[in-house]
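To start, the structure under review is shown below, and the notes come after it.
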Amino acid sequence: MSVLVGHLTLDFGITGHTINLRSFVTDPTQYVGVVTARSSSTIVECTSGVPRGSVLESFLSALYVSPISNVITAHSVSYHQYVDDDTQFYVALQPNKNVTFKPISECTDDVNRWFVENNLLLNLSKTEATLCGTRAQCNKVNISGGVEGAGTVVKFSDYQAA
């Protein structure tokens with residue numbers, strides 16, 4: 001059973017001939033066309049991945065990364081996953097000077113590990129931390145050290161006072 005078929009069956013309950021992606025992902029080809037010049041490049045075989053811009057790109061990508069929800073939930077961290085592969089982790093805090101971001105840090109470490117094991121990359125340059133709350137509540141939380149995770153420190157952006 002392939003990784004994709006395994007996810008479709010175990011995570012989404014799709015079985016049998018309900019969905020047949022083999023014709024799409026087996027021996028795909030692609031080329032670049034310039035309409036105004038009425039020309040195109042040589043057709044080349046895609047040896048891996050799904051052609052960019054294809055109708056199934058977002059769907060297959062979402063299916064592929066969906067198992068990270070299991071990694072995140074194991075840390076009791078809340079999250080949102082978006083179709084463009086962005087994922088948002090969040091936790092509710094009781095503001096005081098001893099707040100720790102350890103659950104988010106450990107979750108980030110494990111998500112990064114999952115990405116590496118599945119030949120993906122967690123783009124930490126696009127990662128940011130935000131503290132939301134009233135100005136008085138946010139001032140009670142020490143954010144000077146940022147959030148550590150996946151071998152880097154993510155600094156806090158300006159907090160959003162409610």
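All figures in this text were calculated on a predicted structure; none of them were measured in a lab.
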Quiz prompt | side chain to side chain contact (heavy atoms under 4.5 Å, CB included) evaluation trace for Val111 with Thr87 | solution = CA-CA 10 Å; Val111 167; Thr87 303; over 6 Å; no
Self-check item: Verdict with supporting geometry, Leu93 and Phe101, side chain to side chain contact (heavy atoms under 4.5 Å, CB included)
Solution: CA-CA 9 Å; Leu93 303 172; Phe101 299 104; 3.8 Å; yes
Quiz item: Can Tyr90 and Thr130 be said to form a side chain to side chain contact (heavy atoms under 4.5 Å, CB included), step by step?
Solution: CA-CA 9 Å; Tyr90 58 95; Thr130 305; over 6 Å; no
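In this view, Ser69 and Tyr79, Gln81 satisfy the side chain to side chain contact (heavy atoms under 4.5 Å, CB included) rule, not counting sequence neighbours. The side chain to side chain contact (heavy atoms under 4.5 Å, CB included) test applied to Asn123 returns Ser125, Lys126, not counting sequence neighbours. For Asn112, the side chain to side chain donor-acceptor pair (under 3.5 Å) criterion is met by no residue, not counting sequence neighbours. For Ile43, the side chain to side chain contact (heavy atoms under 4.5 Å, CB included) criterion is met by Thr29, Tyr31, not counting sequence neighbours. Residues satisfying the salt bridge (Lys or Arg N to Asp or Glu O under 4.0 Å) test with Glu128, not counting sequence neighbours, are none.
Closest heavy-atom contact between Cys107 and Val77: CB-CG2, 4.2 Å. Residue Cys138 comes nearest to Gly133 through the heavy atom pair SG-N, 3.6 Å, listed as atom of the first residue, atom of the second, then distance.
Between Thr134 atom OG1 and Lys140 atom NZ the span is 7.5 Å, to the nearest 0.5 Å. The CD atom of Gln88 lies 10.5 Å from the CD1 atom of Ile72; values are rounded to the nearest 0.5 Å.
Under the 3.5 Å distance criterion, the side-chain polar atoms of Ser41 are left unmatched by any main-chain donor or acceptor of Gly33.
Between Arg113 and Val116, the closest side-chain pair of non-hydrogen atoms is not below 4.5 Å. Within the 4.5 Å cutoff, side-chain heavy atoms of Arg135 are placed close to those of Asn139. Side-chain contact between Asn70 and Trp114: absent, with no pair of heavy atoms (C-beta onward) separated by less than 4.5 Å.
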Which atom pairs, donor and acceptor, lie under 3.5 Å between side-chain atoms of residues 144-155 and protein residues at least two apart or in another chain?
from, atom 1, to, atom 2, distance (Å)
Ser144, OG, Asn142, OD1, 2.7

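Annotation: Gln94, atom CD; neighbour count of heavy atoms from other residues, nucleotides and ligands within 6.0 Å does not exceed 12.
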